[in-house]
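Hydrogens, waters and symmetry mates play no part in the numbers below; they use all other heavy atoms, side chains included. Sequence lines set the chain letters: A, B, ... in the order given, protein chains first and strands last, and positions in each chain run from 1. Remember, predicted model here, so these are calculated numbers, not experimental data.
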Number of protein chains: 2
Amino acid sequence: MNQELELVETIDKLSGFIETLQTQLLSGDLKGYTLRQLYYIELINKHENISVSELAKMLDVKKSTISIAINQLIKRNIVTKNQSIIDKRFYFLQLTPQGKDIMKIHMKVHNDAIKQILKILNQKEVEYFIKTVNKITHPNKKRALNKYRQIT
Amino acid sequence: MNQELELVETIDKLSGFIETLQTQLLSGDLKGYTLRQLYYIELINKHENISVSELAKMLDVKKSTISIAINQLIKRNIVTKNQSIIDKRFYFLQLTPQGKDIMKIHMKVHNDAIKQILKILNQKEVEYFIKTVNKITHPNKKRALNKYRQIT
DNA sequence: AATAATAGTTAGTTAGATAAAACTATTTAT
DNA sequence: ATAAATAGTTTTATCTAACTAACTATTATT
């Protein structure tokens with residue numbers, strides 16, 4: 001079999017693998033959330049005190065979209081919104097303790113998956129794998145912010 | 001940096017990479033179609049003369065869902081439906097020439113992506129990469145049929 | 001021949017994600 | 001001080017993808 005065809009299949013397998021991770025993520029303790037919600041939570045965790053419009057820019061969607069999504073999370077006690085004292089038009093977003101718990105579970109699912117991989121691969125293989133993926137993904141330096149969208 | 005953390009990032013990069021492929025797929029000549037539609041087209045291409053209920057089983061969704069989706073594709077002249085002579089309850093699905101064109105474009109986008117990768121990696125790297133991915137993905141022998149769903 | 005099961009359709013509904021446009025409140029610029 | 005810009009909200013509407021349930025047509029079973 002030629003290498004090109006094999007690579008097509010490999011990429012296909014990778015898609016499937018990543019999709020499996022996603023399915024795992026959405027079952028178990030995070031069943032009640034959508035991918036999109038988990039992604040919002042992740043972004044707010046990463047960029048504490050981010051604003052609605054910054055989120056909108058990051059994700060390249062309208063403010064209204066974010067506003068609605070965030071207010072849902074606020075209703076569910078996952079996010080809080082604090083008005084800026086300096087400029088009262090701004091609201092800073094933060095995770096509640098419950099939001100942080102969700103984040104922890106999310107990371108645990110990821111880490112568990114990684115541990116599975118580390119069981120299968122040896123040191124050298126992991127090294128090469130990381131190097132190769134870096135080589136492949138490096139050209140797209142700007143890591144897509146919409147990573148929680150659908151995938152091929 | 002410890003290897004576990006690096007792997008987490010690597011998987012993240014891979015997600016982004018695959019998502020980029022997907023975005024590429026849905027722009028350009030295939031702009032007018034959804035991922036789900038392209039997946040139906042792919043399945044019908046692969047399993048010529050498949051029936052609506054077989055598709056439904058494959059994808060683990062209700063027949064009505066498939067029925068509606070397929071009839072949309074028929075309206076758009078991408079798929080044809082031929083009643084079985086032996087058992088008139090069954091209809092065999094096939095791609096029209098237009099449907100086959102879509103499939104060709106779809107595959108071309110994939111192949112172009114692969115060519116990009118082959119430019120970046122050398123022979124050995126490709127070999128190792130394929131091997132490693134096989135190792136990682138092998139445990140999940142049943143390749144998810146829902147691969148066109150959302151991904152982590 | 002009557003009843004079960006199967007394939008596919010149709011109608012109606014729901015959920016999620018998005019957008020446009022009109023709006024309020026606030027700050028900045030002229 | 002007035003006008004313009006900005007942050008965020010709300011309303012209305014759209015699209016996709018899925019579901020349930022009732023339906024028709026056809027075939028298989030008893």
Side-chain angles (χ1 to χ4, degrees), chain A residues 19 22-23 26 30-41 43-44 47 49-76 78-94 145-151, chain B residues 19 22-23 26 30-41 43-44 49-76 79-94 145-151:
Chain A
E19 184 233 326
Q22 182 187 276
T23 304
L26 294 182
L30 298 178
K31 211 177 298 177
Y33 305 97
T34 66
L35 263 193
R36 212 63 186 157
Q37 286 174 330
L38 293 181
Y39 190 31
Y40 292 136
I41 293 168
L43 284 179
I44 294 169
H47 308 97
N49 291 325
I50 196 171
S51 71
V52 169
S53 24
E54 281 170 324
L55 265 180
K57 261 180 221 155
M58 261 192 186
L59 292 159
D60 193 25
V61 294
K62 297 292 160 196
K63 285 185 300 177
S64 57
T65 301
I66 300 293
S67 177
I68 291 164
I70 294 301
N71 284 323
Q72 275 170 6
L73 292 177
I74 290 171
K75 254 182 224 150
R76 292 179 70 170
I78 292 161
V79 168
T80 56
K81 196 170 60 178
N82 306 300
Q83 193 171 30
S84 163
I85 309 168
I86 309 161
D87 185 337
K88 285 178 185 166
R89 288 172 302 182
F90 282 86
Y91 292 82
F92 299 136
L93 303 176
Q94 282 175 320
L145 274 159
N146 281 329
K147 67 165 176 164
Y148 282 78
R149 285 211 174 140
Q150 286 180 317
I151 294 215
Chain B
E19 183 233 326
Q22 181 188 276
T23 304
L26 294 183
L30 299 177
K31 212 177 299 179
Y33 305 98
T34 66
L35 261 195
R36 213 59 186 160
Q37 286 174 328
L38 292 180
Y39 191 31
Y40 292 136
I41 293 168
L43 284 179
I44 294 169
N49 290 325
I50 196 171
S51 70
V52 168
S53 24
E54 282 170 324
L55 264 180
K57 263 181 221 155
M58 260 192 186
L59 293 159
D60 193 26
V61 294
K62 298 292 161 194
K63 285 184 302 177
S64 55
T65 302
I66 300 294
S67 177
I68 291 164
I70 294 301
N71 284 322
Q72 275 169 6
L73 292 176
I74 290 171
K75 254 183 222 148
R76 290 179 71 171
V79 168
T80 57
K81 197 171 58 177
N82 306 300
Q83 194 170 30
S84 163
I85 309 166
I86 310 162
D87 186 337
K88 286 178 185 166
R89 289 173 301 182
F90 282 84
Y91 291 83
F92 299 137
L93 303 177
Q94 282 176 320
L145 275 157
N146 281 330
K147 68 164 173 162
Y148 281 77
R149 285 210 175 140
Q150 285 181 315
I151 293 213

*List in chain and number order the residues that pass side chain to side chain contact (heavy atoms under 4.5 Å, CB included) with A/I68, two or more places apart in sequence or in another chain; answer none if no residue qualifies.*
A/Q72
*Roughly how many Å is it from NZ in A/K75 to C1' in C/dG16, rounded to a whole number?*
14 Å
*Minimum side-chain heavy-atom gap B/I44-B/I41 below 4.5 Å*: no
*With B/T34 via side chain to side chain contact (heavy atoms under 4.5 Å, CB included) - residues at least two apart*: B/R36, B/Q37
*asked:* From CD1 of A/I70 over to P of C/dG16, roughly how many Å is that when rounded to an integer?
replied: 15 Å
*Name the nucleic acid region contacted by A/K88, choosing base, sugar-phosphate or nothing; use a 4.0 angstrom heavy-atom cut-off, strictly under.*
sugar-phosphate
*Sequence neighbours left out, what passes side chain to side chain contact (heavy atoms under 4.5 Å, CB included) with B/A69? Give chain and number order.*
B/Y40
Hey, can you pull the donor-acceptor pairs under 3.5 Å for the side chains in residues 87-94 of chain A, sequence neighbours left out?
residue	atom	partner	partner atom	Å
A/D87	OD1	A/R89	N	3.0
A/D87	OD1	A/R89	NE	3.1
A/D87	OD2	A/R89	NH2	2.9
A/Y91	OH	A/Q83	NE2	3.2
A/Q94	OE1	A/N82	ND2	2.9
A/Q94	NE2	A/E48	OE2	3.3
A/Q94	NE2	A/N49	OD1	3.4

_Just verifying a value: how many Å separate B/I70 CD1 and B/K81 NZ, rounded to the nearest 0.5 Å?_
9.0 Å
*asked:* Under 4.0 Å, heavy atoms only, any strand: does A/I86 hit a base, just the sugar-phosphate, or nothing?
replied: sugar-phosphate
*A/L93 near the nucleic acid: base, sugar-phosphate alone, or nothing, with a heavy-atom cut-off under 4.0 Å?*
nothing
*asked:* Rounding to an integer number of Å, can you tell me how far A/R36 CZ sits from D/dA17 P?
replied: 16 Å
_Please report the distance, rounded to the nearest Å, between NZ in B/K62 and C1' in C/dT14._
16 Å
_Using whole Å, what does the distance between atom C1' of nucleotide D/dT24 and atom CD of B/Q83 come to?_
12 Å
*Describe, as an angle rounded to 10 degrees, how the axis at the first end of the helix from C/dA5-D/dT26 to C/dT30-D/dA1 is tilted relative to the axis at the last end, five pairs per end.*
20°
*Starting from C1' on C/dT18, measure out to OH on A/Y39 and report it in whole angstrom.*
17 Å
*Measure the distance from CD1 on A/I85 to P on C/dT26 and round it to the nearest whole Å.*
14 Å
*How does each nucleotide of nucleotides 6-15 of chain D score, in 5' to 3' order, for protein heavy atoms under 4.0 Å: base (B), sugar-phosphate only (S), or none (-)?*
BBBBB-----
